[in-house]
Amino acid sequence: MTYRVHVRVMPRDGLLDPQGLAVEHALTALGFAGAGAVRVGRAIELDVSAGSRAEAEARARLMCDRLLANPVTEDYTVAVEGA
């Protein structure tokens with residue numbers, strides 16, 4: 001069975017987020033007062049073939065640990081859609 005997997009990768013709390021700071025500064029420069037604590041991450045969606053939802057999640061977590069996220073600087077969440 002194929003499961004749709006949604007991965008959200010974000011910089012770890014307390015670590016410098018240069019992209020977040022750049023976006024925050026740009027928003028301020030554009031006149032969007034009140035926007036703060038901006039953090040920039042990424043969303044990844046993929047289909048995973050697996051025998052069960054738990055197996056799909058486990059495979060996605062392994063993909064995150066080995067490629068999709070940097071375990072030193074980023075945290076991730078995995079959500080699986082399907083039966």
Side-chain angles (χ1 to χ4, degrees):
M1 178 159 203
T2 300
Y3 297 88
R4 188 68 177 167
V5 176
H6 303 267
V7 177
R8 180 177 181 253
V9 181
M10 294 296 294
R12 287 194 169 188
D13 288 336
L15 292 182
L16 181 64
D17 178 5
Q19 286 184 296
L21 288 175
V23 170
E24 186 173 327
H25 288 280
L27 289 172
T28 300
L30 291 171
F32 292 102
V38 176
R39 299 176 69 228
V40 174
R42 61 188 179 280
I44 303 163
E45 295 181 358
L46 64 152
D47 290 336
V48 174
S49 295
S52 68
R53 186 183 184 124
E55 181 184 347
E57 181 175 341
R59 293 185 70 196
R61 289 188 180 280
L62 186 59
M63 292 175 195
C64 289
D65 290 340
R66 296 186 65 188
L67 178 69
L68 301 177
N70 180 339
V72 175
T73 61
E74 298 173 318
D75 291 320
Y76 64 83
T77 58
V78 174
V80 179
E81 290 180 2

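These numbers come from a predicted model, not from an experiment. Scope of the values below: all heavy atoms of this structure, side chains included, with no hydrogens, waters or symmetry mates.
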Asks: Between Leu21 and Leu16, does a side-chain contact (heavy atoms from CB on, under 4.5 Å) hold up when you go through it step by step?
Replies: CA-CA 8 Å; Leu21 288 175; Leu16 181 64; 3.4 Å; yes
Asks: Which residues pass the side chain to side chain contact (heavy atoms under 4.5 Å, CB included) test with Thr73, not counting sequence neighbours?
Replies: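 Here the qualifying residues are Leu15, Asn70.
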Asks: Evaluate side-chain contact (heavy atoms from CB on, under 4.5 Å) for Cys64 paired with Val9, printing each intermediate quantity in order.
Replies: CA-CA 9 Å; Cys64 289; Val9 181; 5.6 Å; no
Asks: Give a yes or no on whether a salt bridge exists between Glu74 and Arg42, defined as a side-chain N under 4.0 angstrom from a carboxylate O.
Replies: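 Yes, charged N to carboxylate O under 4.0 Å.
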Asks: When you measure from the side chain of Tyr3 to the backbone N and O of Arg53, does any donor-acceptor pair fall under 3.5 Å?
Replies: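 Indeed, once roles are kept as given, a pair shorter than 3.5 Å links the two residues.
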Asks: Between Ala56 and Ala50, which heavy-atom pair has the shortest distance, and what is it?
Replies: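 Looking at all heavy atoms of both residues, the closest pair is N-CB, 3.5 Å.
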Asks: Do Val7 and Thr77 have side chains that approach each other closer than 4.5 Å (heavy atoms only, starting at C-beta)?
Replies: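 When only atoms from C-beta onward are counted, Thr77 and Val7 do not touch, as no gap falls below 4.5 Å.
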Asks: Applying side chain to side chain donor-acceptor pair (under 3.5 Å) as the test, list every pair that has at least one member in residues 22-33; sequence neighbours left out.
Replies: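 Non-adjacent pairs meeting side chain to side chain donor-acceptor pair (under 3.5 Å): zero.
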Asks: Give, for atom CG of Leu67 and atom CG of Leu62, the distance between the pair rounded to the nearest 0.5 Å.
Replies: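 The CG atom of Leu67 sits 10.5 Å away from the CG atom of Leu62.
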Asks: Working to the nearest 0.5 Å, report the span between CG of Leu46 and NE2 of His6.
Replies: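 Between atom CG of Leu46 and atom NE2 of His6 there are 9.0 Å.
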Asks: Shared ILVMFWY cluster between Met1 and Met63, side chains joined below 4.5 angstrom?
Replies: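 In one cluster with Met1: Met63, yes.
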Asks: Can you list every pair that meets side chain to side chain donor-acceptor pair (under 3.5 Å) and has a residue in residues 57-69, with sequence neighbours left out?
Replies: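 Qualifying pairs, neighbours excluded: Glu57-Arg61, Asp65-Tyr76.
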Asks: Taking atom CZ of Arg8 as the centre, does the number of heavy atoms from other residues, nucleotides or ligands within less than 6.0 Å exceed 12?
Replies: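 At most 12 heavy atoms, drawn from other residues, nucleotides or ligands, come within 6.0 Å of this atom.
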Asks: So, taking the atom named CG in Asp17 and the one named CE in Met10, what distance separates them when rounded to the nearest 0.5 Å?
Replies: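 Rounded to the nearest 0.5 Å, the CG-CE separation comes to 7.0 Å.
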Asks: Between Asp47 (side chain) and Val5 (backbone), is there a donor-acceptor pair under 3.5 Å?
Replies: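 No; judged by distance alone, with no hydrogens or angles, the pair does not exist.
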